[in-house]
Number of protein chains: 2
Amino acid sequence: MGAREKILETAAHLFSTSGYRATSLAQVARAAHVSKALILWYFNSKEQLFRVALQHFLTPYEIDDQVLMGLSESEQVEKLINDYYDFIAEHLYSVKFVLGQVVRGDENSQELVEHVRELYRVYRGLLATILERGKTRCVFVPQVRPTEDAALIMAALNGLFVQRLVEQENNGVARELLDHFQLTVRERLCTPSPHPDVSFLSLPELLSTQRPRR
Amino acid sequence: MGAREKILETAAHLFSTSGYRATSLAQVARAAHVSKALILWYFNSKEQLFRVALQHFLTPYEIDDQVLMGLSESEQVEKLINDYYDFIAEHLYSVKFVLGQVVRGDENSQELVEHVRELYRVYRGLLATILERGKTRCVFVPQVRPTEDAALIMAALNGLFVQRLVEQENNGVARELLDHFQLTVRERLCTPSPHPDVSFLSLPELLSTQRPRR
DNA sequence: GTCTATATACAGATAGAC
DNA sequence: GTCTATCTGTATATAGAC
(Lines give C-alpha, C1' and ligand atoms only; values in the text may rest on other atoms or scores of the structure.)
Protein backbone atom coordinates (compact mmCIF):
# COMPACT_ATOMS: atom_id res chain seq x y z
CA MET A 1 0.00 0.00 0.00
CA GLY A 2 1.32 3.41 -1.00
CA ALA A 3 1.92 6.14 1.55
CA ARG A 4 -1.00 8.16 0.23
CA GLU A 5 -3.39 5.27 0.71
CA LYS A 6 -1.98 4.57 4.13
CA ILE A 7 -2.49 8.19 5.15
CA LEU A 8 -6.06 8.21 3.88
CA GLU A 9 -6.98 5.04 5.70
CA THR A 10 -5.40 6.18 8.94
CA ALA A 11 -6.97 9.62 8.71
CA ALA A 12 -10.42 8.20 8.02
CA HIS A 13 -10.12 6.02 11.09
CA LEU A 14 -8.83 8.74 13.39
CA PHE A 15 -11.26 11.40 12.21
CA SER A 16 -14.08 8.94 12.61
CA THR A 17 -13.25 7.99 16.15
CA SER A 18 -12.00 11.30 17.51
CA GLY A 19 -13.51 13.93 15.25
CA TYR A 20 -11.89 16.65 13.19
CA ARG A 21 -10.49 19.01 15.80
CA ALA A 22 -9.38 16.35 18.23
CA THR A 23 -7.27 14.68 15.55
CA SER A 24 -3.97 16.36 14.82
CA LEU A 25 -1.83 15.89 11.77
CA ALA A 26 0.93 14.71 14.10
CA GLN A 27 -1.29 11.85 15.26
CA VAL A 28 -2.14 10.87 11.73
CA ALA A 29 1.53 11.08 10.75
CA ARG A 30 2.61 8.90 13.67
CA ALA A 31 -0.10 6.31 13.11
CA ALA A 32 0.57 6.17 9.38
CA HIS A 33 4.34 6.08 9.91
CA VAL A 34 4.99 9.14 7.77
CA SER A 35 5.93 12.73 8.46
CA LYS A 36 3.46 15.55 8.84
CA ALA A 37 5.01 17.22 5.83
CA LEU A 38 4.20 14.27 3.61
CA ILE A 39 0.57 14.47 4.52
CA LEU A 40 0.51 18.11 3.48
CA TRP A 41 2.39 17.29 0.32
CA TYR A 42 -0.41 15.00 -0.84
CA PHE A 43 -3.30 16.95 0.61
CA ASN A 44 -2.74 20.66 0.83
CA SER A 45 -4.40 21.20 4.18
CA LYS A 46 -5.90 19.36 7.08
CA GLU A 47 -9.36 20.25 5.87
CA GLN A 48 -8.73 18.79 2.44
CA LEU A 49 -7.38 15.63 3.98
CA PHE A 50 -10.56 15.43 5.98
CA ARG A 51 -12.79 15.78 2.93
CA VAL A 52 -10.94 13.21 0.87
CA ALA A 53 -10.69 10.78 3.79
CA LEU A 54 -14.45 10.92 4.30
CA GLN A 55 -15.03 9.44 0.86
CA HIS A 56 -13.48 6.27 2.23
CA PHE A 57 -16.38 5.41 4.44
CA LEU A 58 -18.93 7.27 2.40
CA THR A 59 -18.61 5.05 -0.65
CA PRO A 60 -20.02 1.90 0.95
CA TYR A 61 -23.10 3.82 2.05
CA GLU A 62 -25.20 2.63 -0.86
CA ILE A 63 -28.48 0.81 -0.99
CA ASP A 64 -28.85 -2.33 -3.02
CA ASP A 65 -32.54 -2.93 -3.50
CA GLN A 66 -32.06 -5.87 -5.87
CA VAL A 67 -31.76 -8.29 -2.97
CA LEU A 68 -35.42 -7.83 -2.11
CA MET A 69 -36.57 -9.56 -5.29
CA GLY A 70 -38.64 -12.65 -4.72
CA LEU A 71 -39.44 -11.93 -1.09
CA SER A 72 -42.87 -11.32 0.35
CA GLU A 73 -43.59 -7.83 1.64
CA SER A 74 -43.23 -8.87 5.26
CA GLU A 75 -39.97 -10.63 4.50
CA GLN A 76 -38.79 -7.51 2.72
CA VAL A 77 -39.54 -5.37 5.75
CA GLU A 78 -37.83 -7.87 7.99
CA LYS A 79 -34.79 -7.91 5.76
CA LEU A 80 -34.60 -4.12 5.52
CA ILE A 81 -34.69 -3.88 9.29
CA ASN A 82 -32.01 -6.50 9.75
CA ASP A 83 -29.84 -5.00 7.05
CA TYR A 84 -30.08 -1.53 8.54
CA TYR A 85 -29.16 -2.86 11.94
CA ASP A 86 -26.32 -4.97 10.60
CA PHE A 87 -25.02 -2.07 8.62
CA ILE A 88 -24.86 0.10 11.69
CA ALA A 89 -23.25 -2.64 13.74
CA GLU A 90 -20.65 -3.18 11.03
CA HIS A 91 -19.87 0.49 10.43
CA LEU A 92 -20.28 1.46 14.04
CA TYR A 93 -17.36 3.79 14.30
CA SER A 94 -18.17 5.76 11.18
CA VAL A 95 -21.89 5.93 11.94
CA LYS A 96 -20.99 7.25 15.37
CA PHE A 97 -18.89 9.85 13.69
CA VAL A 98 -21.62 10.94 11.33
CA LEU A 99 -24.04 11.18 14.20
CA GLY A 100 -21.52 13.30 16.03
CA GLN A 101 -21.27 15.64 13.06
CA VAL A 102 -25.06 15.86 12.84
CA VAL A 103 -25.30 16.67 16.52
CA ARG A 104 -22.62 19.32 16.34
CA GLY A 105 -23.67 20.76 13.03
CA ASP A 106 -20.00 20.83 12.04
CA GLU A 107 -19.60 22.92 8.92
CA ASN A 108 -16.65 20.82 7.78
CA SER A 109 -18.88 17.87 7.02
CA GLN A 110 -22.00 19.40 5.58
CA GLU A 111 -21.68 17.38 2.42
CA LEU A 112 -21.16 14.18 4.37
CA VAL A 113 -24.22 14.73 6.50
CA GLU A 114 -26.27 15.67 3.46
CA HIS A 115 -25.25 12.48 1.71
CA VAL A 116 -26.25 10.38 4.70
CA ARG A 117 -29.47 12.31 5.06
CA GLU A 118 -30.28 11.46 1.47
CA LEU A 119 -29.54 7.77 1.96
CA TYR A 120 -31.72 7.85 5.02
CA ARG A 121 -34.62 9.29 3.02
CA VAL A 122 -34.18 6.71 0.29
CA TYR A 123 -34.21 3.90 2.81
CA ARG A 124 -37.30 5.23 4.48
CA GLY A 125 -38.97 5.72 1.11
CA LEU A 126 -38.17 2.13 0.20
CA LEU A 127 -39.76 0.94 3.42
CA ALA A 128 -42.83 3.08 2.80
CA THR A 129 -43.20 1.72 -0.72
CA ILE A 130 -43.10 -1.84 0.57
CA LEU A 131 -45.63 -1.05 3.28
CA GLU A 132 -47.91 0.54 0.68
CA ARG A 133 -47.68 -2.45 -1.62
CA GLY A 134 -48.21 -4.90 1.20
CA LYS A 135 -51.22 -2.95 2.28
CA THR A 136 -52.88 -2.96 -1.13
CA ARG A 137 -52.11 -6.66 -1.45
CA CYS A 138 -53.68 -7.20 1.94
CA VAL A 139 -50.57 -8.85 3.27
CA PHE A 140 -50.54 -6.03 5.78
CA VAL A 141 -53.33 -4.79 7.94
CA PRO A 142 -55.37 -1.91 6.42
CA GLN A 143 -54.55 0.38 9.32
CA VAL A 144 -50.97 0.59 8.09
CA ARG A 145 -49.97 4.14 7.22
CA PRO A 146 -46.93 3.65 5.01
CA THR A 147 -45.17 6.96 5.41
CA GLU A 148 -45.71 7.30 9.14
CA ASP A 149 -45.00 3.67 9.94
CA ALA A 150 -41.87 3.69 7.83
CA ALA A 151 -40.66 6.75 9.71
CA LEU A 152 -41.50 5.10 12.99
CA ILE A 153 -39.61 1.95 12.11
CA MET A 154 -36.57 3.98 11.13
CA ALA A 155 -36.87 5.95 14.34
CA ALA A 156 -37.01 2.80 16.43
CA LEU A 157 -33.97 1.41 14.65
CA ASN A 158 -32.01 4.60 15.21
CA GLY A 159 -33.20 4.53 18.79
CA LEU A 160 -31.93 1.00 19.29
CA PHE A 161 -28.59 2.20 18.05
CA VAL A 162 -28.53 5.17 20.40
CA GLN A 163 -29.67 2.97 23.26
CA ARG A 164 -26.74 0.72 22.64
CA LEU A 165 -24.41 3.69 22.67
CA VAL A 166 -25.83 5.16 25.85
CA GLU A 167 -26.04 1.90 27.73
CA GLN A 168 -22.72 0.69 26.37
CA GLU A 169 -24.41 -2.65 25.94
CA ASN A 170 -22.78 -5.53 24.20
CA ASN A 171 -24.26 -6.70 20.94
CA GLY A 172 -26.04 -9.64 22.64
CA VAL A 173 -28.54 -7.58 24.59
CA ALA A 174 -29.15 -5.30 21.65
CA ARG A 175 -29.75 -8.29 19.41
CA GLU A 176 -32.48 -9.57 21.70
CA LEU A 177 -34.15 -6.18 21.57
CA LEU A 178 -33.97 -6.21 17.81
CA ASP A 179 -35.66 -9.61 17.72
CA HIS A 180 -38.36 -8.32 19.98
CA PHE A 181 -38.72 -5.34 17.70
CA GLN A 182 -39.04 -7.54 14.63
CA LEU A 183 -41.79 -9.44 16.41
CA THR A 184 -43.57 -6.24 17.36
CA VAL A 185 -43.40 -4.93 13.81
CA ARG A 186 -44.79 -8.18 12.41
CA GLU A 187 -47.62 -8.17 14.87
CA ARG A 188 -48.41 -4.61 14.00
CA LEU A 189 -48.20 -4.94 10.23
CA CYS A 190 -49.16 -8.43 9.20
CA THR A 191 -52.66 -9.67 8.80
CA PRO A 192 -53.18 -12.54 11.19
CA SER A 193 -53.31 -16.05 9.86
CA PRO A 194 -56.77 -17.54 9.17
CA HIS A 195 -56.30 -20.07 11.98
CA PRO A 196 -54.91 -18.13 14.90
CA ASP A 197 -54.09 -19.78 18.17
CA VAL A 198 -57.16 -18.56 20.03
CA SER A 199 -56.21 -19.99 23.37
CA PHE A 200 -55.18 -16.69 24.90
CA LEU A 201 -55.15 -13.52 22.94
CA SER A 202 -58.32 -12.01 21.56
CA LEU A 203 -56.87 -9.29 19.38
CA PRO A 204 -55.90 -11.42 16.40
CA GLU A 205 -59.38 -12.93 16.15
CA LEU A 206 -60.86 -9.50 16.15
CA LEU A 207 -58.77 -8.40 13.24
CA SER A 208 -59.15 -11.64 11.35
CA THR A 209 -62.71 -10.72 10.41
CA GLN A 210 -61.46 -8.09 8.03
CA ARG A 211 -58.74 -10.25 6.51
CA PRO A 212 -59.03 -11.12 2.82
CA ARG A 213 -56.72 -13.51 0.98
CA ARG A 214 -53.13 -13.07 -0.06
CA MET B 1 -25.43 39.56 37.01
CA GLY B 2 -21.92 39.08 38.40
CA ALA B 3 -18.99 38.29 36.15
CA ARG B 4 -18.74 34.76 37.52
CA GLU B 5 -22.34 34.01 36.64
CA LYS B 6 -21.92 35.58 33.25
CA ILE B 7 -18.90 33.38 32.57
CA LEU B 8 -20.72 30.25 33.69
CA GLU B 9 -23.74 30.91 31.54
CA THR B 10 -21.66 31.75 28.49
CA ALA B 11 -19.44 28.72 28.99
CA ALA B 12 -22.42 26.37 29.41
CA HIS B 13 -23.88 27.62 26.18
CA LEU B 14 -20.65 27.45 24.19
CA PHE B 15 -19.61 24.04 25.52
CA SER B 16 -23.08 22.74 24.79
CA THR B 17 -23.16 23.86 21.21
CA SER B 18 -19.54 23.41 20.20
CA GLY B 19 -18.14 20.87 22.62
CA TYR B 20 -15.19 21.01 24.98
CA ARG B 21 -12.22 21.08 22.66
CA ALA B 22 -13.80 23.33 20.06
CA THR B 23 -14.49 25.98 22.66
CA SER B 24 -11.49 28.09 23.68
CA LEU B 25 -11.16 30.21 26.76
CA ALA B 26 -10.64 33.17 24.46
CA GLN B 27 -14.06 32.57 22.94
CA VAL B 28 -15.70 32.33 26.32
CA ALA B 29 -13.88 35.44 27.46
CA ARG B 30 -14.92 37.40 24.41
CA ALA B 31 -18.54 36.29 24.57
CA ALA B 32 -18.73 36.99 28.31
CA HIS B 33 -16.91 40.34 27.92
CA VAL B 34 -14.16 39.46 30.38
CA SER B 35 -10.51 38.52 30.08
CA LYS B 36 -9.20 34.98 29.92
CA ALA B 37 -7.33 35.61 33.15
CA LEU B 38 -10.53 36.36 35.00
CA ILE B 39 -12.01 33.04 33.93
CA LEU B 40 -8.96 31.27 35.32
CA TRP B 41 -9.08 33.33 38.46
CA TYR B 42 -12.56 32.00 39.28
CA PHE B 43 -12.12 28.49 37.89
CA ASN B 44 -8.58 27.24 38.03
CA SER B 45 -8.57 25.49 34.70
CA LYS B 46 -10.60 25.06 31.57
CA GLU B 47 -11.61 21.58 32.69
CA GLN B 48 -12.92 22.85 36.01
CA LEU B 49 -14.89 25.55 34.24
CA PHE B 50 -16.36 22.82 32.09
CA ARG B 51 -17.42 20.71 35.07
CA VAL B 52 -19.02 23.57 36.95
CA ALA B 53 -20.74 24.87 33.85
CA LEU B 54 -22.29 21.46 33.25
CA GLN B 55 -24.18 21.67 36.52
CA HIS B 56 -26.17 24.44 34.90
CA PHE B 57 -28.07 22.15 32.63
CA LEU B 58 -27.63 19.00 34.66
CA THR B 59 -29.74 20.13 37.58
CA PRO B 60 -33.08 20.12 35.77
CA TYR B 61 -32.54 16.50 34.70
CA GLU B 62 -34.71 15.00 37.41
CA ILE B 63 -37.74 12.77 37.30
CA ASP B 64 -40.88 13.66 39.16
CA ASP B 65 -43.00 10.53 39.40
CA GLN B 66 -45.61 12.10 41.66
CA VAL B 67 -47.51 13.47 38.68
CA LEU B 68 -48.56 9.96 37.63
CA MET B 69 -50.81 9.51 40.64
CA GLY B 70 -54.46 9.01 39.80
CA LEU B 71 -53.90 8.07 36.18
CA SER B 72 -54.69 4.75 34.56
CA GLU B 73 -51.76 2.68 33.39
CA SER B 74 -52.33 3.57 29.78
CA GLU B 75 -52.59 7.24 30.63
CA GLN B 76 -49.39 6.95 32.62
CA VAL B 77 -47.56 5.49 29.66
CA GLU B 78 -48.97 8.18 27.44
CA LYS B 79 -47.86 10.88 29.84
CA LEU B 80 -44.38 9.46 30.25
CA ILE B 81 -43.96 9.40 26.49
CA ASN B 82 -45.17 12.96 26.10
CA ASP B 83 -43.06 14.20 28.98
CA TYR B 84 -39.94 12.58 27.64
CA TYR B 85 -40.55 14.11 24.26
CA ASP B 86 -41.33 17.53 25.68
CA PHE B 87 -38.29 17.44 27.88
CA ILE B 88 -36.05 16.77 24.91
CA ALA B 89 -37.74 19.46 22.86
CA GLU B 90 -37.27 21.93 25.68
CA HIS B 91 -33.67 21.08 26.48
CA LEU B 92 -32.73 20.44 22.90
CA TYR B 93 -29.33 22.04 22.92
CA SER B 94 -28.10 20.37 26.08
CA VAL B 95 -29.51 16.99 25.10
CA LYS B 96 -27.70 17.36 21.81
CA PHE B 97 -24.57 18.08 23.74
CA VAL B 98 -24.92 15.03 25.96
CA LEU B 99 -25.55 12.87 22.92
CA GLY B 100 -22.43 14.32 21.38
CA GLN B 101 -20.41 13.40 24.44
CA VAL B 102 -21.85 9.88 24.42
CA VAL B 103 -21.01 9.49 20.76
CA ARG B 104 -17.48 10.77 21.19
CA GLY B 105 -16.83 9.03 24.48
CA ASP B 106 -15.26 12.24 25.74
CA GLU B 107 -13.45 11.49 28.98
CA ASN B 108 -14.12 15.00 30.25
CA SER B 109 -17.79 14.34 30.70
CA GLN B 110 -17.87 10.84 32.07
CA GLU B 111 -19.77 11.95 35.13
CA LEU B 112 -22.27 13.88 33.06
CA VAL B 113 -22.94 10.94 30.76
CA GLU B 114 -23.18 8.58 33.72
CA HIS B 115 -25.75 10.83 35.35
CA VAL B 116 -27.85 10.91 32.22
CA ARG B 117 -27.42 7.17 31.76
CA GLU B 118 -28.78 6.68 35.26
CA LEU B 119 -31.78 8.93 34.64
CA TYR B 120 -32.40 7.02 31.47
CA ARG B 121 -32.44 3.72 33.35
CA VAL B 122 -34.78 5.09 35.98
CA TYR B 123 -37.15 6.34 33.32
CA ARG B 124 -37.12 3.02 31.53
CA GLY B 125 -37.60 1.17 34.81
CA LEU B 126 -40.57 3.36 35.61
CA LEU B 127 -42.09 2.55 32.26
CA ALA B 128 -41.47 -1.16 32.75
CA THR B 129 -43.11 -1.07 36.18
CA ILE B 130 -46.21 0.56 34.75
CA LEU B 131 -46.36 -1.95 31.92
CA GLU B 132 -46.03 -4.80 34.43
CA ARG B 133 -48.81 -3.45 36.61
CA GLY B 134 -51.06 -2.78 33.66
CA LYS B 135 -50.47 -6.28 32.46
CA THR B 136 -51.43 -7.94 35.75
CA ARG B 137 -54.47 -5.69 35.94
CA CYS B 138 -55.42 -6.77 32.43
CA VAL B 139 -55.50 -3.19 31.24
CA PHE B 140 -52.74 -4.25 28.89
CA VAL B 141 -52.61 -7.22 26.61
CA PRO B 142 -50.97 -10.32 28.13
CA GLN B 143 -48.31 -10.43 25.40
CA VAL B 144 -46.73 -7.31 26.87
CA ARG B 145 -43.16 -7.92 27.96
CA PRO B 146 -42.52 -5.03 30.33
CA THR B 147 -38.73 -4.82 30.18
CA GLU B 148 -38.43 -5.30 26.45
CA ASP B 149 -41.36 -3.11 25.54
CA ALA B 150 -40.18 -0.35 27.83
CA ALA B 151 -36.79 -0.47 26.17
CA LEU B 152 -38.43 -0.41 22.77
CA ILE B 153 -40.55 2.60 23.63
CA MET B 154 -37.51 4.47 24.90
CA ALA B 155 -35.63 3.49 21.76
CA ALA B 156 -38.41 4.78 19.54
CA LEU B 157 -38.50 8.05 21.45
CA ASN B 158 -34.77 8.50 21.13
CA GLY B 159 -35.09 7.60 17.50
CA LEU B 160 -37.73 10.25 16.93
CA PHE B 161 -35.32 12.73 18.44
CA VAL B 162 -32.44 11.62 16.22
CA GLN B 163 -34.73 11.63 13.22
CA ARG B 164 -35.58 15.21 13.92
CA LEU B 165 -31.90 16.08 14.18
CA VAL B 166 -30.97 14.32 10.97
CA GLU B 167 -33.91 15.58 8.97
CA GLN B 168 -33.72 19.06 10.49
CA GLU B 169 -37.47 18.89 10.64
CA ASN B 170 -39.52 21.50 12.34
CA ASN B 171 -41.40 20.51 15.43
CA GLY B 172 -44.66 20.20 13.52
CA VAL B 173 -43.74 17.15 11.50
CA ALA B 174 -42.11 15.52 14.49
CA ARG B 175 -45.24 16.13 16.56
CA GLU B 176 -47.38 14.31 14.05
CA LEU B 177 -45.02 11.37 14.20
CA LEU B 178 -45.21 11.38 17.97
CA ASP B 179 -49.00 11.26 17.82
CA HIS B 180 -48.82 8.35 15.44
CA PHE B 181 -46.41 6.69 17.81
CA GLN B 182 -48.75 7.20 20.75
CA LEU B 183 -51.49 5.57 18.72
CA THR B 184 -49.28 2.65 17.80
CA VAL B 185 -48.23 2.12 21.39
CA ARG B 186 -51.84 2.14 22.58
CA GLU B 187 -52.82 -0.36 19.92
CA ARG B 188 -50.00 -2.61 20.91
CA LEU B 189 -50.47 -2.43 24.67
CA CYS B 190 -54.11 -1.97 25.44
CA THR B 191 -56.62 -4.78 25.63
CA PRO B 192 -59.35 -4.27 23.05
CA SER B 193 -62.81 -3.43 24.30
CA PRO B 194 -65.36 -6.25 24.42
CA HIS B 195 -67.52 -4.52 21.79
CA PRO B 196 -65.15 -2.83 19.40
CA ASP B 197 -66.52 -0.66 16.65
CA VAL B 198 -64.79 -2.28 13.76
CA SER B 199 -66.05 0.13 11.15
CA PHE B 200 -63.11 2.49 11.23
CA LEU B 201 -61.34 3.66 14.29
CA SER B 202 -62.17 1.80 17.41
CA LEU B 203 -59.49 3.12 19.66
CA PRO B 204 -60.83 6.19 21.44
CA GLU B 205 -64.08 4.51 22.35
CA LEU B 206 -62.14 1.47 23.30
CA LEU B 207 -60.22 3.32 25.92
CA SER B 208 -63.22 5.00 27.40
CA THR B 209 -64.95 1.69 28.17
CA GLN B 210 -62.16 0.03 30.05
CA ARG B 211 -61.25 2.85 32.28
CA PRO B 212 -61.73 1.55 35.79
CA ARG B 213 -61.65 3.49 38.94
CA ARG B 214 -58.56 5.04 40.31
C1' DG C 1 8.38 11.38 -2.68
C1' DT C 2 10.00 11.73 1.77
C1' DC C 3 12.38 13.79 5.16
C1' DT C 4 14.17 17.60 8.95
C1' DA C 5 13.96 22.11 10.37
C1' DT C 6 11.40 26.00 11.06
C1' DA C 7 7.82 29.66 10.73
C1' DT C 8 3.55 31.17 12.46
C1' DA C 9 -0.60 31.10 15.09
C1' DC C 10 -3.21 30.10 18.90
C1' DA C 11 -4.25 27.32 22.93
C1' DG C 12 -4.18 27.19 28.25
C1' DA C 13 -2.05 29.06 32.07
C1' DT C 14 0.92 32.44 35.14
C1' DA C 15 2.74 36.97 36.95
C1' DG C 16 1.94 41.02 38.54
C1' DA C 17 -0.06 45.95 38.10
C1' DC C 18 -4.16 48.39 39.57
C1' DG D 1 -11.78 41.35 41.19
C1' DT D 2 -10.18 42.61 36.88
C1' DC D 3 -6.91 43.71 33.78
C1' DT D 4 -2.36 43.47 30.46
C1' DA D 5 1.64 41.15 29.39
C1' DT D 6 3.93 37.01 28.90
C1' DC D 7 5.35 32.07 29.20
C1' DT D 8 4.97 27.47 27.29
C1' DG D 9 3.20 23.93 24.63
C1' DT D 10 1.22 22.27 20.49
C1' DA D 11 -1.20 22.93 16.15
C1' DT D 12 -1.00 23.76 11.01
C1' DA D 13 1.75 24.88 7.39
C1' DT D 14 6.21 26.08 4.72
C1' DA D 15 11.18 25.74 3.07
C1' DG D 16 14.43 23.29 1.44
C1' DA D 17 17.84 19.14 1.68
C1' DC D 18 18.19 14.51 -0.18
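Excluded from the calculations below are hydrogen atoms, water molecules and symmetry mates; all remaining heavy atoms, backbone and side chain alike, are included. A note on names: the letters A, B, ... follow the listed sequences, proteins ahead of strands, and every chain is numbered from 1.
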Check every atom of [options] against the side chain of [X] and return the nucleotide holding the closest atom.
| X | options | answer |
| --- | --- | --- |
| A:Ala3 | D:dG1, C:dT2, D:dT12 | C:dT2 |
| B:Trp41 | D:dT12, C:dT2, D:dG1 | D:dG1 |
| B:Ala26 | C:dC3, C:dA11, C:dT2 | C:dA11 |
| B:Ala37 | D:dT2, C:dT14, C:dG12 | C:dT14 |
| B:Lys46 | C:dC3, C:dA13, D:dC3 | C:dA13 |
| B:Ser35 | D:dT4, C:dG12, D:dT12 | D:dT4 |
| A:Leu25 | C:dG1, D:dA13, C:dA13 | D:dA13 |

Which part of the nucleic acid, if any, lies within contact of B:Leu40, taking any heavy atom under 4.0 Å across all strands shown: a base, the sugar-phosphate backbone alone, or nothing? base

[X] [atom1] to [N] [atom2], straight-line distance once rounded to whole Å:
| X | N | atom1 | atom2 | answer |
| --- | --- | --- | --- | --- |
| B:Glu47 | C:dA13 | CD | C1' | 14 Å |
| B:Phe43 | D:dG1 | CZ | P | 13 Å |
| A:Ile7 | C:dG1 | CD1 | P | 12 Å |
| A:His33 | C:dG1 | NE2 | C1' | 18 Å |
| A:Gln48 | D:dT14 | CD | P | 11 Å |
| B:Gln27 | C:dA11 | CD | C1' | 11 Å |
| A:Lys36 | D:dG16 | NZ | C1' | 16 Å |
| A:Leu38 | D:dA17 | CG | P | 18 Å |

Less than 4.0 angstrom from a charged side-chain N to a carboxylate O is my criterion; do A:Glu73 and A:Lys135 meet it? no

Side-chain heavy atoms of A:Thr23 within contact of A:Thr17, under 4.5 Å: no

Given DNA chain D, 5'-ward residue of the pair B:Arg21 and B:Arg4, judged by closest heavy atom: B:Arg4

Is the distance between the ring centroids of A:Phe50 and A:Phe15 under 6.0 Å? yes

Can you establish whether the number of heavy atoms outside A:Glu47 located under 6.0 Å from its atom CD is more than 12? yes

I'd like to know whether CD of B:Gln27 has more than 12 heavy-atom contacts from other residues, nucleotides or ligands below 6.0 angstrom. yes

